[in-house]
Trainee: 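I am attaching a structure below and will ask some questions about it afterwards.
Here is the naming used below: chain letters follow the sequence lines, and residue numbers restart at 1 for every chain.
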Protein chains: 2
Amino acid sequence: MRNPPALEQLVEALRCLPGVGPKSALRMAYYLLQRDRKGAGLLAQSLDQALQVVSHCGLCNNFSEQEVCPLCTSPARDHSLLCIVEMPSDLMMLEQTQSYNGMYFVLMGRLSPLDGIGPRDIHLDKLLKRAQDGEVEEVILATNYTVEGEATAHYVSELLRARGLKVSRIARGLPMGGEIEHVDSGTLAQAMLERRNVR
Amino acid sequence: MRNPPALEQLVEALRCLPGVGPKSALRMAYYLLQRDRKGAGLLAQSLDQALQVVSHCGLCNNFSEQEVCPLCTSPARDHSLLCIVEMPSDLMMLEQTQSYNGMYFVLMGRLSPLDGIGPRDIHLDKLLKRAQDGEVEEVILATNYTVEGEATAHYVSELLRARGLKVSRIARGLPMGGEIEHVDSGTLAQAMLERRNVR
């Protein structure tokens with residue numbers, strides 16, 4: 001006794017989603033066919049549509065429907081600053097802070113040899129070209145403070161400094177509302193090392 | 001700064017999947033567009049295909065590409081037994097045990113008022129018609145031993161016994177390899193209450 005072929009095929013196809021194993025895929029397929037056929041139809045349509053129109057911005061490498069995205073063409077922004085982030089969601093978080101008015105470059109990932117993601121997969125050639133356009137004066141590394149994010153920042157900074165660019169890294173320290181008693185010792189050690197003069 | 005509209009639309013559509021919230025949907029969309037465009041295309045195709053060809057068996061209510069599924073038309077099976085299960089995966093588990101040769105009825109869910117799933121959503125009209133076809137002699141309730149599964153079994157058994165059908169429930173007790181020291185007290189109490197004569 002097996003499920004109908006088209007259902008098995010759907011279960012298999014759902015497994016391409018990250019974090020979805022055989023059991024969740026089966027549950028999803030049952031759910032879609034049983035309770036949300038309209039949603040499933042819409043999902044198929046949205047997938048096709050997104051595959052057709054969404055590509056990467058030629059400058060910042062973020063997802064975009066245009067060749068160059070609105071942010072990269074905006075004259076209101078400071079073209080001498082280039083902030084490097086891992087993912088579009090990082091870019092959006094930074095934009096929400098309204099603390100930065102420069103340009104971005106989205107790596108669309110991080111160096112992670114264990115997952116088979118090497119320098120070529122995070123578009124470093126495109127980044128080098130972008131950073132050497134003559135306008136960029138400072139590159140700000142805003143990759144995560146994870147092992148992979150740190151490794152990526154180190155690798156990228158070596159590349160960029162070898163080409164004479166000024167490279168900086170976003171600060172590390174206690175978060176807002178952070179209590180010394182409860183913060184991890186790595187963060188506390190860094191906060192101590194990178195202490196600033198009180199003015 | 002927002003994602004391109006087609007990407008936002010895809011994120012929204014992915015949220016129709018069970019267990020997928022805004023954050024996972026965004027992660028899935030990024031992943032598909034960035035690393036697995038082929039998988040995304042295949043997923044869209046499989047969804048369309050499944051929506052087109054997969055429907056429910058007219059007799060057992062399981063998913064099927066035919067009007068009546070192969071199991072229901074099989075002459076090798078005992079048509080006097082009707083086993084009621086919640087989901088197709090339960091049916092498949094029972095089939096794997098090779099301990100049952102009767103027919104099935106798949107509720108495609110369970111009574112769950114909190115989730116808005118009432119008697120109408122688990123196809124009880126279809127079940128009543130099926131159980132009273134003249135051939136069925138015993139109905140076996142094989143819903144889960146969860147709160148919802150128990151409530152469903154209770155409700156269904158009332159309906160069926162009122163129509164003069166013999167109704168039974170799969171046994172409860174210690175699982176294979178179960179140790180009295182480690183089993184929960186509810187199971188142990190039931191195992192004691194439902195003890196059997198040793199022959």
Trainee: For the interface with chain A, which of B/G19, B/A50, B/G39 has the highest count of heavy-atom pairs at distances below 4.5 Å?
Mentor: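 The candidate making the most pairs under 4.5 Å is B/A50.
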Trainee: Got a second to check how far B/F105's CZ is from B/K129's NZ, nearest 0.5 Å?
Mentor: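 So the gap between those two atoms works out to 10.5 Å.
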Trainee: Quick one, B/Y145 with B/Q190, criterion side chain to side chain donor-acceptor pair (under 3.5 Å). Give me CA distance, side-chain angles, the key distance, then yes/no.
Mentor: CA-CA 12 Å; B/Y145 270 113; B/Q190 280 294 333; over 6 Å; no
Trainee: Report which part of B/S89 has an atom under 4.5 Å of a heavy atom belonging to chain A: side chain, backbone, both, or neither.
Mentor: both
Trainee: So what's closer than 4.5 Å to chain B heavy atoms on A/V53: side chain, backbone, both or neither?
Mentor: side chain
Trainee: Are B/E135 and B/R77 close enough for a salt bridge, meaning some N to O gap below 4.0 Å?
Mentor: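 Between B/R77 and B/E135 there is no salt bridge, as every charged N stays at least 4.0 Å from the carboxylate O atoms.
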Trainee: Please flag which part of B/Y30 lies under 4.5 Å from any non-hydrogen atom of chain A: side chain, backbone, both or neither.
Mentor: both
Trainee: Which atoms of A/R35 are under 4.5 Å from chain B, going by heavy atoms: the side chain, the backbone, both sets, or neither?
Mentor: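 When you check distances to chain B, only side chain atoms of A/R35 fall under 4.5 Å.
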Trainee: If we define contacts as heavy-atom pairs under 4.5 Å, which of B/L42, B/L32, B/L51, B/D48 has the most with chain A?
Mentor: B/L51
Trainee: Can you say whether A/L94 sits under 4.5 Å from chain B via the side chain, the backbone, both, or neither, judging by heavy atoms?
Mentor: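 Neither the backbone nor the side chain of A/L94 comes within 4.5 Å of chain B.
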Trainee: Nearest 0.5 Å please: distance from the OG atom of B/S112 over to the CG atom of B/D121.
Mentor: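 If we round to the nearest 0.5 Å, B/S112:OG and B/D121:CG are 10.0 Å apart.
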Trainee: If we ignore angles and hydrogens, is there a donor and acceptor under 3.5 Å between the side chains of B/S46 and A/E12?
Mentor: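 No.
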Trainee: Tell me, for B/V20 versus chain A, whether the close heavy atoms (under 4.5 Å) come from the side chain, the backbone, both or neither.
Mentor: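 For B/V20, the side chain is the part near chain A, not the backbone.
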Trainee: Who among B/P18, B/P5, B/S24, B/A40 has the most heavy-atom pairs with chain A under 4.5 Å?
Mentor: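 Top count of heavy-atom pairs under 4.5 Å with chain A: B/P18.
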Trainee: Check for me, please, whether A/L159 and A/L165 land in the same ILVMFWY cluster - side-chain distances under 4.5 Å, paths through other members count.
Mentor: yes
Trainee: Of all of B/G41, B/A6, B/S64, which one pairs up most often with chain A through heavy atoms under 4.5 Å apart?
Mentor: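 Result: the option with the highest number of such pairs is B/A6.
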Trainee: Contact part of B/L10 toward chain A, heavy-atom cut-off under 4.5 Å: side chain, backbone, both or neither?
Mentor: both
Trainee: What part of B/L26 gets closer than 4.5 Å to chain A, counting heavy atoms only: side chain, backbone, both or neither?
Mentor: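 The side chain, not the backbone.
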Trainee: In this structure, would B/L71 and B/Y100 fall into the same cluster of hydrophobic residues linked by side-chain contacts under 4.5 Å?
Mentor: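 Yes, one cluster joins them.
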Trainee: Supply the atom-to-atom distance B/R27 CZ to B/L14 CG, rounded to the nearest 0.5 angstrom.
Mentor: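 Reported value, rounded in 0.5 Å steps: 11.5 Å.
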